[in-house]
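All figures in this text were calculated on a predicted structure; none of them were measured in a lab.
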Amino acid sequence: MSGRHARVIDFEALNSWHTDAWRGLRVAVFGLGKTGFSVADTLVELGAEVLVVTQQADEERARLLDVIGAKLVVDETLAGPPHELLEFEPELVVANPGFPPHHPILRWAEGDAGLPVWGDIELAWRLRDKVATAGPTGDAPAEWITITGTNGKTTTTQLTATMLAASGLRAAPAGNIGVPVLDAIRDPQGFDVLVIELSSHQLHRVNLHGAAGELHPWASTCLNIAEDHLEWHGSFDAYRDAKAKVYDNTKVACIYNKGDETTMHMVEDADVEEGARAIGFGLGVPGPSDLGVIEGIVVDRAFLDERHSTALELTTLDELAAAGLSAPHVVANILAASALARSFGVETGVIHEVLATFRLDAHRIETVASTGGVTWVDDSKATNPHAAAASLTAFRSVVWIVGGLLKGVEVDELVASHVTRLRAAVLIGADRTALRAAFAQHAPELPLFEVDEPGAAGEAVMDAAVRFAASAAQDGDTVLLAPSAASMDQFTDYAARGNAFAAAVAKHLADG
């Protein structure tokens with residue numbers, strides 16, 4: 001960057017909340033979602049000059065930007081840098097995770113302007129010492145436990161944070177789960193440990209800009225990996241490589257999925273701190289550095305001295321079933337969360353108590369009704385084939401409601417792998433060509449219904465889908481909403497889709 005404001009910035013010096021190097025730094029923030037606002041608010045608090053550039057702005061956030069003293073530019077296309085951005089001459093860019101690498105404004109920043117582009121996670125890592133807490137070696141910032149994966153991130157993050165808090169630690173979930181990490185590191189009470197859900201979009205931008213910005217998590221996991229967000233990353237390899245960054249520089253434990261070989265290779269290839277252990281989890285009998293299941297008992301064979309001859313009981317599959325937590329993919333999440341918590345010293349009895357009372361969030365394999373021999377299950381959160389496959393595997397005979405925006409992923413294998421458990425399928429959503437072809441090839445005799453009402457959205461879609469499903473369901477069947485696709489073609493989000501399903505089921509049952 002050249003011009004009247006040009007100067008040399010030592011970005012390695014931007015490594016603490018308590019350095020004056022932030023003051024007067026000109027930072028462009030791309031995006032004004034929840035994360036973008038937290039970035040702008042943080043930087044203003046540090047004394048930086050902030051210009052937020054976005055394609056759309058929530059009215060309340062725009063007003064608050066003016067209150068805190070940040071500037072705002074709204075450009076609906078952002079086909080290139082707006083003139084206000086050029087005149088601002090930023091020295092640093094912090095990009096919202098919603099901006100893909102190929103976005104024109106990022107190409108300008110990293111290419112033509114030659115600017116460093118950080119994400120909110122790198123910024124938060126550099127600033128994590130704002131509030132220190134008393135630890136065994138003196139006051140220190142919160143440790144980070146980092147969690148990613150194609151599916152199961154939020155449940156695992158919630159579980160891990162709950163286990164840590166139940167053991168008496170000051171712990172909180174943050175990141176892609178909904179609470180920006182920058183808000184968490186600025187909480188005045190401080191934390192012993194933050195459990196941070198990381199999307200592939202966030203991980204794409206970590207560990208790129210020198211030692212000061214490199215994450216060093218206490219423990220880390222990639223729960224699983226399957227095709228998703230290919231339109232953002234450009235390829236599956238790029239998506240996988242972003243996910244693999246979660247393990248870099250891990251200090252104590254890299255938790256991997258024994259049922260997903262790719263996650264094991266991620267750990268093998270990661271550059272970790274000396275002494276960090278690889279800990280596997282899986283639904284089978286565990287090895288001496290694993291967590292797993294032995295004759296219906298969920299056990300830890302990793303975090304005990306006698307692990308070659310002994311296992312510690314965490315819970316049982318029967319107890320998990322009583323709590324609605326017995327679906328195989330949920331048990332896998334429980335094993336991963338338990339491993340992360342155990343790495344931080346949480347006792348097995350605490351984990352047992354947490355699992356007795358923990359409940360999944362809405363729209364995650366949630367039973368909304370069970371009557372007349374038919375169970376109606378809302379797994380609207382299953383927004384990709386990997387999640388839908390896990391959901392289908394949990395049931396014996398299924399009437400499957402499927403469809404939406406497929407985000408560039410393939411569904412052929414998903415259909416082929418589960419046709420034997422399908423009673424019928426109901427197609428919703430705008431993106432159906434691949435689904436039709438998959439059913440025609442792999443299940444040509446399967447009853448297939450389509451919600452074809454012109455312009456149908458929201459309640460109308462689900463009313464029709466539920467009618468079709470009810471006409472096909474038989475005693476012992478599960479009607480499963482596991483769309484394997486995003487929802488924004490017909491609903492505002494996956495929660496609205498799930499709510500519409502539950503309402504349509506209630507309406508159908510009330511009508512008799």
Side-chain angles (χ1 to χ4, degrees), residues 121 144-157 159-160 175-176 195-204 206-207 215-230 233 235-273 276-293 298 300-303 327-343 382 384-390 393 409 413-414 417:
I121 301 302
W144 285 22
I145 289 175
T146 52
I147 296 171
T148 195
T150 301
N151 295 299
K153 297 184 293 296
T154 298
T155 296
T156 305
T157 300
L159 258 174
T160 305
N176 194 54
V195 186
I196 300 174
E197 177 185 325
L198 294 173
S199 69
S200 60
H201 303 170
Q202 290 171 310
L203 284 163
H204 172 79
V206 303
N207 298 345
L215 276 60
H216 288 256
W218 175 274
S220 56
T221 188
C222 181
L223 300 167
N224 44 61
I225 190 78
E227 285 191 353
D228 201 12
H229 301 298
L230 302 191
H233 290 277
S235 70
F236 176 72
D237 286 348
Y239 173 67
R240 179 200 59 218
D241 291 348
K243 291 288 192 187
K245 287 185 177 186
V246 76
Y247 291 118
D248 288 344
N249 307 316
T250 296
K251 297 192 286 188
V252 173
C254 298
I255 314 300
Y256 70 93
N257 185 348
K258 293 178 66 178
D260 191 327
E261 192 173 301
T262 300
T263 67
M264 179 184 70
H265 294 317
M266 288 176 176
V267 174
E268 292 172 341
D269 295 339
D271 186 8
V272 302
E273 291 197 10
R277 296 173 59 197
I279 306 295
F281 69 89
L283 302 180
V285 175
S289 283
D290 302 332
L291 280 75
V293 182
V298 179
D300 168 14
R301 286 193 68 192
F303 297 100
H329 63 292
V330 178
V331 176
N333 295 338
I334 287 168
L335 288 163
S338 299
L340 293 167
R342 291 286 287 148
S343 81
N384 55 57
H386 187 271
T393 302
V409 302
E413 183 179 347
L414 173 66
S417 299

Under 3.5 Å, is there a donor-acceptor pair between the side chain of Arg277 and the main chain of Ala302?
yes
Exercise for the section: State, with a plain yes or no, whether a side-chain heavy atom of Glu197 is found less than 4.5 Å away from one of Gln202. Expected result: no
(message) More than 12 heavy atoms of other residues, nucleotides or ligands under 6.0 Å from CD of Glu268: yes or no?
(response) yes
Next on the checklist: What I want to check is whether the side chains of Ser220 and Thr146 have a donor and an acceptor closer together than 3.5 Å.
Outcome noted: no
State, with a plain yes or no, whether a side-chain heavy atom of Leu159 is found less than 4.5 Å away from one of Ile334.
yes
Q: Find out whether Asn384 and Asn151 are in side-chain contact, i.e. whether some heavy atom of one side chain is under 4.5 Å from a heavy atom of the other.
A: yes
For Thr160 and Ala341 the tightest heavy-atom approach is CG2-N, 4.3 Å
Distance col, row Leu198:CG vs Leu203:CG, nearest 0.5 angstrom, shows 4.5 Å
CD of Glu261 to CE of Met266, rounded to nearest 0.5 Å, is 12.0 Å
Item checked: salt bridge (Lys or Arg N to Asp or Glu O under 4.0 Å) between Asp248 and Lys245, worked out -> CA-CA 5 Å; Asp248 288 344; Lys245 287 185 177 186; over 6 Å; no
From the list Val330, Ile147, Ile255, side chain to side chain contact (heavy atoms under 4.5 Å, CB included) partner of Thr156 resolves to Ile147
Closer than 3.5 angstrom, by distance alone: can the side chain of Thr150 be matched with the main-chain N or O of Ala226 as a donor-acceptor pair?
yes
On a heavy-atom basis, the closest approach of Ala336 and Leu223 is CB-CD2, 3.4 Å
Between the OG1 atom in Thr250 and the CH2 atom in Trp144, the distance rounded to the nearest 0.5 Å is 13.0 Å
Hey, is CD on Glu273 packed in by over 12 heavy atoms from elsewhere, all under 6.0 Å? yes
- prompt: Step by step, would you call Asp290 with Arg301 a salt bridge (Lys or Arg N to Asp or Glu O under 4.0 Å)?
  reply: CA-CA 5 Å; Asp290 302 332; Arg301 286 193 68 192; over 6 Å; no
What one should report as the nearest heavy-atom pair of Ala253 and Phe303 is CB-CZ, 4.4 Å
Asp300 side chain to Leu291 main-chain N or O, any donor-acceptor pair under 3.5 Å?
no
Review point. Are side-chain heavy atoms of Thr221 and Tyr256 found at a separation under 4.5 Å?
Key: no
- Is any side-chain heavy atom of Ile145 less than 4.5 Å from a side-chain heavy atom of Ile196? no
If the plane angle is over 60° it's perpendicular, under 30° parallel, otherwise tilted; pick one for His233 and His204. perpendicular
In this structure, OG1 of Thr154 is separated from CG of Asn176 (nearest 0.5 Å) by 6.5 Å
Next item on the list: Ignoring hydrogens and angles, tell me if any N or O in the side chain of Ser235 forms a donor-acceptor pair with the backbone of Ala238 under 3.5 Å.
Entry: yes
Margin query: Determine whether a donor-acceptor pair (N or O, by modelled atom type, separation under 3.5 Å) exists between the side chain of Ser200 and the backbone of Lys243.
Written below: no
dist Leu283:CG -> His329:NE2 (nearest 0.5 Å) comes out at 11.0 Å
Rounded to the nearest 0.5 angstrom, the OH-SG distance for Tyr247 and Cys222 is 5.5 Å
Compare all side-chain heavy atoms of Ile279 with those of Ser343 and state whether any distance is below 4.5 angstrom. no
Indicate yes or no for a side-chain donor-acceptor contact from Thr263 to the backbone of Asp260 under 3.5 Å, with no hydrogens or angles considered. yes
Salt bridge (charged side-chain N to carboxylate O under 4.0 Å, His left out) filter on Asp271, not counting sequence neighbours, yields none
Test item: Trp218 and Leu340 side chains (from C-beta on) under 4.5 Å apart, heavy atoms | no
